[in-house]
Student: 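Dropping the structure in here first, questions after.
Fair warning: this is a prediction, and the values are worked out from it, not measured in the lab. Order of appearance sets the numbers: ligands from 1, and atoms from 1 within every ligand.
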Amino acid sequence: MSFSNLVSDIAFRDARPDDSSSQVSHQRSQTTRHSYASTAATSVSISGDISSQLHAGYNHPLSRSWQAERQLTKEMLIYPLFVTDNPDEETPIPSLPNQYRRGLNRLIPFVKSLVRKGLSSVILFGVPLHPSAKDALGTSADDPSGPVIQAIRLLRFHFPSLYIVVDVCLCEYTSHGHCGILREDGTLDNAQSVDRISDVALAYAVAGAHCVAPSDMNDGRVRAIKLKLIEAGIAHRVLLMSYSAKFSGCLYGPFRDAAGSCPSFGDRRCYQLPPGGRGLARRAIQRDVAEGADIVMVKPANSYLDIIRDAKELAKDIPIAAYQVSGEYAMIHAGAKAGVFDLKAMAFESIEGILRAGAGIVVSYFVPDFLNWLS
Ligand SMILES: NCc1[nH]cc(CCC(=O)O)c1CC(=O)O
Ligand SMILES: [Zn+2]
Ligand SMILES: [Zn+2]
């Protein structure tokens, strides 16, 4: 019955007054009214009838927009920037369409054009190109004359309203390409790594970062960073965003191309989460909240929407971020190029899913596009 009611609605809309179909639809609505009356005693079928009518809620662009708990705004977006130690460099990253590695001289004019369009926040990744910048301890990660600390200072100076997040890890600076300091047997030395990584985070914070975001995944780094920020008296002005649920897998390939951070042996499966590990992700999220994370992040995003929802429920009182990673971005570009879908439509669809799952902050390589599309 509810189906015929739906059909009659369509018939009504399409019918001209002299059209015989209006007759049909009139009859159908008569039937409907009749069955309402005859089933009035059973509230179940009445409510069934009423709740079958959904289209009214989204037959207009405005009412469609009301259906989303969260609408994408420019303020939700964080844009990743790759900063090299070669000041005049601007090199396209082959596996990441439209993305470049930039030296400081190229970075500022580029960021200026984005700030004009409403860019609110960036996340910085250092890309040291000089081979001497890499050693077993990742010494150059907090080099005061290195690209990241210089970029923090320059961006703060040129764009006072830009919110600066800095990724904290050693893999871009270690000769072996792993995200910490290794023991002789090639496994991560957790205590040494955490000590070093928290020093690096502190250096970025002192240089002016608004937010430090450890992506190394060593156990206990959130607590260690928080304690050093407190000790330095800057915990009130530096937000700690943890890559809490960061899964291993093949979606970081283009990033490792861009950052030159591919491990020289082995992989990251001993410190990044296994893709099926929902329980581990939930434990990591709760652990990081307990250790003082101000924001928790889930990464990658589109294959891990359930984890974003878990984070939203487990960490009710803090914002949830999601990182749409390099491989996800590259896949959408490849799909669009192959004619599978329209790039803009798919970019919006992917972000809408991430917001619906529960994220309020999204890191994405699509940010320059969204700044145009949302204008
Ligand atoms: N620890 C470094 C780091 N920080 C962010 C990303 C991935 C970002 C992306 O793929 O876009 C990675 C790569 C990795 O862990 O291998
Ligand atoms: Zn990193
Ligand atoms: Zn790393």
Student: Looking only at the side chains, is there a donor atom on one of Asn86 and Thr84 sitting less than 3.5 Å from an acceptor on the other?
Tutor: no
Student: Where does Ser215 meet ligand 1, judged by heavy-atom distances below 4.0 Å: at the side chain, the backbone, both, or neither?
Tutor: both
Student: Within the distance-only criterion (no hydrogens, no angle test), does the side chain of Thr174 pair as donor or acceptor with the backbone N or O of Leu137 below 3.5 angstrom?
Tutor: no
Student: Of all the atoms in ligand 1, which lie at a distance below 4.0 Å from a heavy atom belonging to Phe125?
Tutor: 4 (N), 5 (C)
Student: Does Tyr329 approach ligand 1 within less than 4.0 angstrom via side chain, backbone, both or neither, non-hydrogen atoms only?
Tutor: neither
Student: So, Tyr329 and Gln99: side-chain donor and acceptor under 3.5 Å apart, yes or no?
Tutor: yes
Student: Check each of Glu328, Gln272, Lys299 against atom 7 (C) of ligand 1 and report the one with the nearest heavy atom.
Tutor: Lys299
Student: Check each atom of ligand 1 against the heavy atoms of Cys169 and keep those under 4.0 Å away; list them by number with element.
Tutor: 1 (N)
Student: Report, in ascending order of atom number, the atoms of ligand 1 lying under 4.0 Å from any heavy atom of Val325.
Tutor: 9 (C), 10 (O), 11 (O)
Student: For atom 1 (N) of ligand 1, state which one of Glu172, His178, Met297, Lys246 supplies the nearest heavy atom.
Tutor: Lys246
Student: Kindly assign one of parallel, tilted or perpendicular to the pair Tyr79 and Phe110, based on the angle between their ring planes and the thresholds 30° and 60°.
Tutor: tilted
Student: Take atom CZ of Phe265 as the centre, draw a 6.0 Å sphere, and report whether it contains more than 12 heavy atoms from other residues, nucleotides or ligands.
Tutor: yes
Student: For Tyr365 and Asn98, does a side-chain donor sit closer than 3.5 Å to a side-chain acceptor?
Tutor: no
Student: Just jot down the ligand 1 atoms closer than 4.0 angstrom to any heavy atom of Cys171, in number order.
Tutor: 1 (N), 2 (C)
Student: Does the N or O separation between Tyr243 and ligand 1 drop below 3.5 Å for any pair?
Tutor: no
Student: If you count the atoms of ligand 1 from 1 in the order shown, which ones are under 4.0 Å from a heavy atom of Arg268?
Tutor: 14 (C), 15 (O), 16 (O)
Student: Any N or O of Asp216 that comes nearer than 3.5 Å to an N or O of ligand 1?
Tutor: no
Student: Give a rough value, rounded to 10 degrees, for the angle at the Zn ion (ligand 3) between atoms SG of Cys179 and SG of Cys169.
Tutor: 110°
Student: In a table with atom names and distances, give each donor-acceptor pair under 3.5 Å that connects a side chain of residues 336-351 to protein atoms at least two apart or in another chain.
Tutor:
residue, atom, partner, partner atom, Å
Asp342, OD2, Lys344, N, 3.4
Asp342, OD2, Ala345, N, 3.1
Ser350, OG, Gln324, NE2, 3.0
Ser350, OG, Met346, O, 3.4
Ser350, OG, Ala347, O, 2.8

Student: Taking Glu328 for its side chain and Asn302 for its backbone only, find out whether a donor-acceptor pair lies under 3.5 Å.
Tutor: yes
Student: Share the residues that join Leu62 in a hydrophobic cluster, the rule being Ile, Leu, Val, Met, Phe, Trp or Tyr side chains under 4.5 Å apart at the heavy-atom level.
Tutor: Trp66
Student: Show me which atoms of ligand 1 lie under 4.0 Å from any heavy atom of Tyr323.
Tutor: 8 (C), 11 (O)
